[in-house]
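Quick notes on the structure that follows.
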Amino acid sequence: MRIAMIGTGYVGLVSGACFADFGHQVCCIDKDEAKIDGLNQGKMPIWEPGLEALVKANVDRGRLTFSKDLGEGVKNAEAVFIAVGTPARRGDGHADLTFVFQAVKELAKVMAPGAVVVTKSTVPVGTGDKIEAILREQGVSEFSVASNPEFLREGAAIADFKHPDRIVVGAEDQRAQDVLKEIYRPLFLNRAPILITARRTAELTKYAANAFLAVKISFINEIADLCEAVDADVQDVARGIGLDNRIGPKFLHAGPGYGGSCFPKDTLALLQTADEAGIDQRIVRTTVEVNDDRKSSMVERVQRAVGGDLRGKRIGVLGLAFKPNTDDMRDAPSIPLINTLLDRGAEVRAFDPIAQEQAEKIFKGITFSPDAYSAADGADAVVIVTEWDEFRALDLDKLAAPMRGKVLVDLRNVYSRDEAADAGLAYYGVGRGRPE
Ligand code: NAD
């Protein structure tokens with residue numbers, strides 16, 4: 001199958017490389033010239049485990065190419081995937097579809113008759129209908145429009161793409177269904193469930209999935225607050241409820257609130273869709289509020305832990321990316337935390353194993369350290385913000401030794417109070433009983 005992928009970001013590049021690995025002929029297109037030039041020289045624009053080797057293998061076999069020229073990339077494609085960004089629109093949180101519609105207008109001029117246009121970007125209900133209308137307006141008569149939302153997680157994107165829990169295809173006609181079934185055939189052979197639905201249903205399924213996961217996170221975060229008030233341990237509560245098959249153990253980790261490029265914008269976009277439909281989605285609305293409050297309240301924990309005043313305090317921050325195994329800084333909980341620490345007069349030394357280069361574009365006035373132990377040098381407190389594997393096995397004695405204050409604020413519950421105490425550190429986790 002000949003496939004064009006418009007948008008070569010986290011989703012487009014991973015999806016394109018995986019489709020090529022399935023044996024399809026894929027051209028990944030992006031208007032960001034530096035990105036395409038870099039990819040043509042074997043340089044990855046993002047950090048994602050296993051991606052570089054997968055891209056190289058498929059480029060070497062001649063199945064994966066990169067282009068800045070949409071016309072060139074799209075002209076012979078039987079399926080054209082759209083994987084451009086759909087960020088939250090400033091002000092109202094509606095999904096901004098400018099990039100999607102722009103891409104559709106461009107591809108209308110060059111697409112082959114009968115091609116299937118597939119939204120892989122997360123797009124609100126009804127976007128497929130609008131794409132159809134644009135294509136007709138532009139004089140294209142033979143085409144199909146399908147929805148195939150992507151559920152991969154950054155940091156585990158290739159494994160997720162190749163071993164998905166399910167593939168959702170929203171297609172109104174047989175041809176679109178057949179083309180998508182053919183594209184995903186290697187996964188059916190591996191028995192990945194495929195769910196064929198109406199297009200609008202597929203579009204909504206993606207938002208419902210992300211909103212539900214966001215609800216789970218905010219739920220356990222509120223339970224963590226209750227644990228602190230009544231002297232219970234949220235880790236054990238989460239395990240106790242998560243072992244129930246009806247609940248499941250995932251997304252029950254109390255912490256600094258969800259961030260990243262998807263949950264914050266997708267929950268807001270779902271609320272907008274509901275608003276337009278005249279339906280109140282109280283659970284999701286409250287989840288958004290709970291999460292916003294949570295992210296902005298993390299600084300209070302650090303302030304309390306250092307005695308109530310951050311002025312002149314040096315804080316070591318471990319982890320900046322919104323989660324481990326990615327360099328993605330979009331909506332990371334580290335951003336409001338560090339910015340407020342600085343506003344309140346603290347000095348920040350930060351370390352992230354991979355996201356430091358991205359973080360340097362965001363933070364002004366902080367020092368970046370070469371490793372976790374240097375970030376602790378002279379610190380009044382060390383705060384674990386992202387649970388990178390390398391922070392799970394720190395030598396706490398070595399971490400504590402150069403610190404000025406002996407305080408560990410563990411926003412990811414990586415350590416226990418006892419482990420910290422053995423190194424002479426006062427421990428402040430999330431929901432781990434009544435704080436000292
Ligand atoms: P991204 O910002 O990493 O990549 C988008 C790319 O599209 C950019 O490189 C941009 O230059 C390019 N682009 C924009 N307009 C273009 C055009 N007209 N022609 C060619 N290229 C164009 O975004 P992402 O994280 O890959 O997300 C893409 C979509 O997938 C979003 O809708 C997102 O919600 C969804 N999604 C993301 C994830 C994730 O984990 N990142 C997971 C599932 C779904």
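In each ligand, atom 1 is the first atom listed, and ligand 1 is the first ligand listed.
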At what distance is the nearest protein heavy atom to [atom], and which residue and atom is it?
atom                    : value
atom 4 (O) of ligand 1  : G9 CA, 3.2 Å
atom 32 (O) of ligand 1 : T86 OG1, 2.6 Å
atom 7 (O) of ligand 1  : G7 CA, 3.4 Å
atom 22 (C) of ligand 1 : V84 CG1, 3.6 Å
atom 27 (O) of ligand 1 : V11 CG2, 4.2 Å
atom 19 (N) of ligand 1 : I6 CG2, 3.6 Å
atom 25 (O) of ligand 1 : R330 NH2, 2.9 Å
atom 12 (C) of ligand 1 : D30 OD2, 3.2 Å

Under 3.5 Å, N or O to N or O, is D32 touching ligand 1 that way?
-> no

Can an N or O of Y10 be found at a distance shorter than 3.5 Å from an N or O of ligand 1?
-> yes

Proximity of A157 to ligand 1 by residue part, where a heavy atom lies under 4.0 Å |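 No part of A157 is near ligand 1 at this cut-off.
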
Tell me which part of S121 gets within contact of ligand 1: side chain, backbone, both or neither, using heavy atoms under 4.0 Å.
-> both

Do [X] and [Y] pair up side chain to side chain, a donor and an acceptor below 3.5 Å, judged on atom types alone?
X    : Y    : answer
T273 : E276 : no
N148 : Y184 : yes
D343 : T340 : no
R63  : N58  : yes
Y427 : R432 : yes
Q102 : E106 : yes
T98  : D96  : yes
Q177 : D173 : no

Give the numbers and elements of all ligand 1 atoms closer than 4.0 Å to a heavy atom of [X].
X    : answer
S261 : 41 (N)
G85  : 5 (C)
E150 : 43 (C), 44 (C)
E106 : 18 (N)
K31  : 14 (C), 15 (N), 16 (C), 17 (C), 20 (C), 21 (N), 22 (C)
A83  : 5 (C), 28 (C)

Whether [X] and [Y] hold their rings parallel, tilted or perpendicular, with breakpoints at 30° and 60°:
X    : Y    : answer
F22  : H24  : perpendicular
F368 : F363 : tilted
F263 : F251 : tilted

Hey, is CZ on R344 packed in by over 12 heavy atoms from elsewhere, all under 6.0 Å?
->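 Enclosed.
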
Which is closest to atom 9 (O) of ligand 1 in terms of heavy atoms, K206, K265, K35?
->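 Checking each option, the heavy atom nearest atom 9 (O) of ligand 1 is found in K35.
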
May I ask whether R153 places a heavy atom under 4.0 Å from ligand 1?
-> no

